Amino acid sequence: MSSEAFVTLATNDGYALGALVVAESLRKVGTQRNLVVMVSRTLSDLIRQTLQNSFDEVVIVDELNSNDEQHLRLLARPELGVTFTKINCWQLEKYSKCVFLDADTVVLQNIDDLFDREELSAAPDAGWPDCFNSGVFVYKPSKETFRKLVAFANQQGASFDGGDQGLLNAFFSNWRSADIARHLPFTYNVTSNTFYSYVPAVTQFRNDIRVVHFAGALKPWQLTYNPQNEQLSGNLGGQHTVQREFLLAWWKVMYERVWPRLSKQNQQLNPSQSIITESDISVLKSSSFLWMNFPSEKEKQSAFEKRSLSFPSIIDDLFNDISIRESLKRKFSADKFLPRAEIFHLKQGQTKPFHRTQPKIRHYDSFQFQEESLSSEKILSLFAKQQYTMNNSQVGFGGQVLNYGSLTSDQGVQAGSVAHRRAWEAGHVDYHGRDSFSNIQEQLERNIAQQPQQYHPSQPRQITPPPSQATSASSTKQSSDQTKAATDAPSGGIKSTTAEGEKK
Ligand SMILES: O=c1ccn([C@@H]2O[C@H](COP(=O)(O)OP(=O)(O)O[C@H]3O[C@H](CO)[C@@H](O)[C@H](O)[C@H]3O)[C@@H](O)[C@H]2O)c(=O)[nH]1
Ligand SMILES: [Mn+2]
């Protein structure tokens with residue numbers, strides 16, 4: 001048993017995010033097998049270390065490339081030459097049997113029974129069922145086979161699609177007719193973009209689906225996910241509801257199981273960026289102006305109106321709070337401890353500074369703190385973690401105090417503290433703050449676009465404006481949904497949510 005493994009491959013950070021989802025989805029369904037990821041040398045530190053954490057084994061492999069532009073053009077996927085790297089999986093001889101999973105798959109139900117199958121078992125490709133899809137296959141590691149595959153690949157036109165799938169189908173050419181036991185059910189490799197063609201079957205067999213495979217040019221990590229309302233955005237094209245469900249299933253694993261690991265890893269990489277301590281957090285948490293401390297919207301509003309939620313008073317409260325002052329003193333030189341913050345009043349797209357003497361805020365608008373000078377920079381990094389979004393009746397407490405591991409600098413990942421993580425894990429997540437999930441995603445997307453890229457911890461923290469509050473219309477509801485979304489336990493399988501406009 002222990003000599004059997006699931007194997008995946010990632011040659012860049014984007015696919016590595018996928019690989020992490022593969023691993024965590026396998027763990028979620030209770031696999032008893034080892035998890036192995038093959039990587040090339042171009043991954044960022046953060047991603048590589050998170051992989052190390054999530055997988056039992058990380059194997060560095062050389063990138064192989066078909067360099068077969070002509071065939072890849074036929075496939076309209078010039079990037080897939082690198083998938084030849086996949087055949088390195090035959091080198092993992094310490095395992096007696098393996099199941100390869102593309103990094104763009106997500107496992108919905110236990111598939112350990114695949115190890116009862118023999119090489120080469122795979123599911124039919126939906127586009128040409130006489131070929132198998134090489135996103136999921138059972139094989140027997142063997143250096144001998146690897147050598148043969150390399151030799152085979154070196155023949156001109158060995159792969160009729162320029163990728164590994166053409167190569168493997170040519171090599172294991174008797175798959176189509178020799179042994180039906182080597183034909184895996186389609187439910188082990190459901191290519192999600194084919195649903196359009198046979199929706200009734202998907203409906204009929206939905207509960208049997210074990211592995212979803214996001215084959216094709218659109219990958220889940222290229223989209224943006226809003227965990228608050230479980231909506232996806234990005235280049236979704238004309239995806240069918242069913243596919244959106246699968247994309248959501250992927251994102252749930254990403255959000256609930258992978259993201260906390262990335263954040264934790266980031267903290268370990270950059271502990272110095274953890275500016276707020278546990279004691280800071282406890283002080284902040286006990287403060288009356290945190291939305292999560294308000295039992296009801298009404299109380300929140302009345303507190304707001306009374307005084308305690310006006311920004312000047314918040315600042316006064318914070319700076320007058322002896323324990324915060326002390327903890328800040330400990331961190332920064334005391335003489336610089338002067339709150340020279342300017343608060344900017346952002347209303348209808350305009351930025352108007354207003355001053356601490358200004359009367360209390362009566363309207364629920366969006367505010368943000370901005371640093372004014374270097375001397376207050378560090379102090380304000382504390383406040384920068386609180387981005388109050390006050391939209392209509394909502395008082396959202398944004399930023400890192402309730403989040404952690406923000407990814408907001410231009411250079412990569414910012415760390416949070418252990419306390420942030422605890423708070424985050426306890427469900428105190430604000431999805432509107434600068435560490436909102438979409439911000440995090442943006443950063444990841446930027447990282448992915450700039451592959452390969454290393455994180456530079458020396459980069460100064462950037463205070464970014466809050467995301468545009470396009471959601472303010474229904475913010476009362478959001479406020480409670482927010483809490484709910486944050487505390488909902490991860491649920492397995494696919495949720496039968498119907499995307500708007502497609503409700504039956
Ligand atoms: O830049 C890349 C590209 C791919 N991969 C890995 O290679 C796999 C295959 O690439 P993918 O983009 O998933 O291809 P598909 O869109 O699934 O396209 C099909 O065609 C590919 C090329 O023949 C096969 O590898 C796939 O299994 C098959 O489903 C990925 O999952 C990754 O594990 C990388 O690590 N880096
Ligand atoms: Mn794939």
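One-based numbering, in listed order, for ligands and for the atoms of each. All values reported here derive from a predicted model rather than from experimental measurement.
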**Q** Please tell me if the side chains of Phe246 and Ile209 come closer than 4.5 Å, counting only heavy atoms from C-beta onward.
**A**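 Yes. Closest side-chain heavy atoms under 4.5 Å.
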**Q** Tell me which one of Ser159, Ala126, Ala103 gets a heavy atom nearest to atom 31 (O) of ligand 1.
**A**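 Selected option, by shortest heavy-atom distance: Ala103.
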**Q** Of all N, O or S atoms in Asp102, identify the one at the shortest distance from the Mn ion (ligand 2).
**A**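 Of all N, O or S atoms in Asp102, the Mn ion (ligand 2) lies closest to OD2.
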**Q** Would you check if there is a donor-acceptor pair between the side chains of Asp125 and Gln165 at a distance under 3.5 Å?
**A**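 Asp125 and Gln165 do have a side-chain donor-acceptor pair below 3.5 Å.
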**Q** Do any nitrogen or oxygen atoms of Leu9 lie less than 3.5 angstrom from nitrogen or oxygen atoms of ligand 1?
**A**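 Yes - when backbone and side-chain N and O of Leu9 are compared with those of ligand 1, one distance drops under 3.5 Å.
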**Q** Determine whether the side chains of Tyr188 and Asp208 contain a donor N or O and an acceptor N or O closer than 3.5 Å.
**A**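 No pair is found: no donor N or O on one side chain lies under 3.5 Å from an acceptor on the other.
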**Q** Which atoms of ligand 1 are found less than 4.0 Å from any heavy atom of Asn133?
**A**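 Counting atoms of ligand 1 from 1, those under 4.0 Å from Asn133 are 27 (O), 28 (C), 29 (O).
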**Q** Considering the heavy atoms of His213, write down every atom of ligand 1 situated less than 4.0 Å from one of them.
**A**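 Close to His213: 17 (O), 29 (O).
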**Q** Looking only at non-hydrogen atoms, find the nearest pair between Phe6 and Asp112 and report the distance.
**A**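 Shortest heavy-atom contact: CE1-OD1, 3.3 Å.
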**Q** For ligand 1, find out whether one of its N or O atoms is nearer than 3.5 Å to an N or O atom of Gly163.
**A**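 The answer is no, given that Gly163 and ligand 1 share no N or O pair closer than 3.5 Å.
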**Q** Under 4.0 Å from ligand 1, counting heavy atoms only, is it the side chain of Asn12, its backbone, both or neither?
**A**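 The side chain, only.
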**Q** Could you pull out, from Asp164, Asn169, Thr83, the option with a heavy atom nearest to atom 25 (O) of ligand 1?
**A**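 Closest candidate by heavy-atom distance is Asp164.
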**Q** Taking distance alone, with N or O pairs closer than 3.5 Å, would you say Thr8 contacts ligand 1?
**A**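 N/O-N/O distance under 3.5 Å: no.
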**Q** May I ask you to decide if the ring planes of Trp221 and Trp250 are parallel, tilted or perpendicular, using 30° and 60° as cut-offs?
**A**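 Aromatic pair Trp221/Trp250 classed tilted.
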**Q** Would you say Ser134 and Asp164 are linked by a side-chain donor-acceptor pair, where the criterion is simply a distance under 3.5 Å?
**A**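 Short answer, yes.
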**Q** Decide yes or no for Met254 and Leu17: does some side-chain heavy atom of the first lie under 4.5 Å from some side-chain heavy atom of the second?
**A**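 In contact.
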**Q** In terms of relative ring orientation, are Phe137 and Trp90 parallel, tilted or perpendicular, with 30° and 60° separating the classes?
**A**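 Rings of Phe137 and Trp90: parallel, as their planes differ by under 30°.
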**Q** For Gly216, is at least one N or O under 3.5 Å away from an N or O on ligand 1?
**A**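 N/O-N/O distance under 3.5 Å: yes.
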**Q** Pairing donors with acceptors under 3.5 angstrom, does anything connect the side chains of Tyr95 and Glu57?
**A**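 Glu57 and Tyr95 do have a side-chain donor-acceptor pair below 3.5 Å.
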**Q** Taking just the N, O or S atoms of His213, which one is nearest to the Mn ion (ligand 2)?
**A**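 Closest to the Mn ion (ligand 2) among those atoms: NE2.
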**Q** Does either side chain, that of Glu24 or that of Ser54, offer a donor lying less than 3.5 Å from an acceptor on the other one?
**A**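 Side chains of Glu24 and Ser54: pair found under 3.5 Å.
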**Q** For Lys219, take its heavy atoms, then give the atoms of ligand 1 lying under 4.0 Å from any of them.
**A**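 Answer for ligand 1: 11 (P), 12 (O), 13 (O), 15 (P), 16 (O).
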**Q** Which atoms of ligand 1 sit under 4.0 Å from any heavy atom of Gly135?
**A**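 Near Gly135, meaning under 4.0 Å from one of its heavy atoms, ligand 1 has 27 (O).
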**Q** Please identify which atoms of ligand 1 are closer than 4.0 Å to at least one heavy atom of Asp102.
**A**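 Per the distance check, 8 (C), 9 (C), 13 (O), 17 (O), 26 (C), 27 (O), 31 (O).
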**Q** When you measure from the centre of the six-membered ring of Phe132, is the NZ or CZ of Arg176 closer than 6.0 Å and no more than 45° off the axis?
**A**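 Arg176 over Phe132 ring: no.
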**Q** Considering distance alone, does some N or O of Ala215 sit under 3.5 Å from an N or O of ligand 1?
**A**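 In this structure, Ala215 places no N or O atom under 3.5 Å from an N or O of ligand 1.
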**Q** Counting only heavy atoms closer than 4.0 Å, does ligand 1 sit against the backbone of Ala10, its side chain, both, or neither?
**A**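 Contact part for Ala10 vs ligand 1: backbone (N, CA, C, O).
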**Q** Given Lys86, Met38, Gln165, identify the one with the heavy atom nearest to atom 19 (C) of ligand 1.
**A**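 Comparing heavy atoms across Lys86, Met38, Gln165, the nearest one to atom 19 (C) of ligand 1 lies in Gln165.
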**Q** Side chain, backbone, both or neither: which part of Asp161 has a heavy atom under 4.0 Å from ligand 1?
**A**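 It is the side chain that gets close, since no backbone atom is under 4.0 Å.
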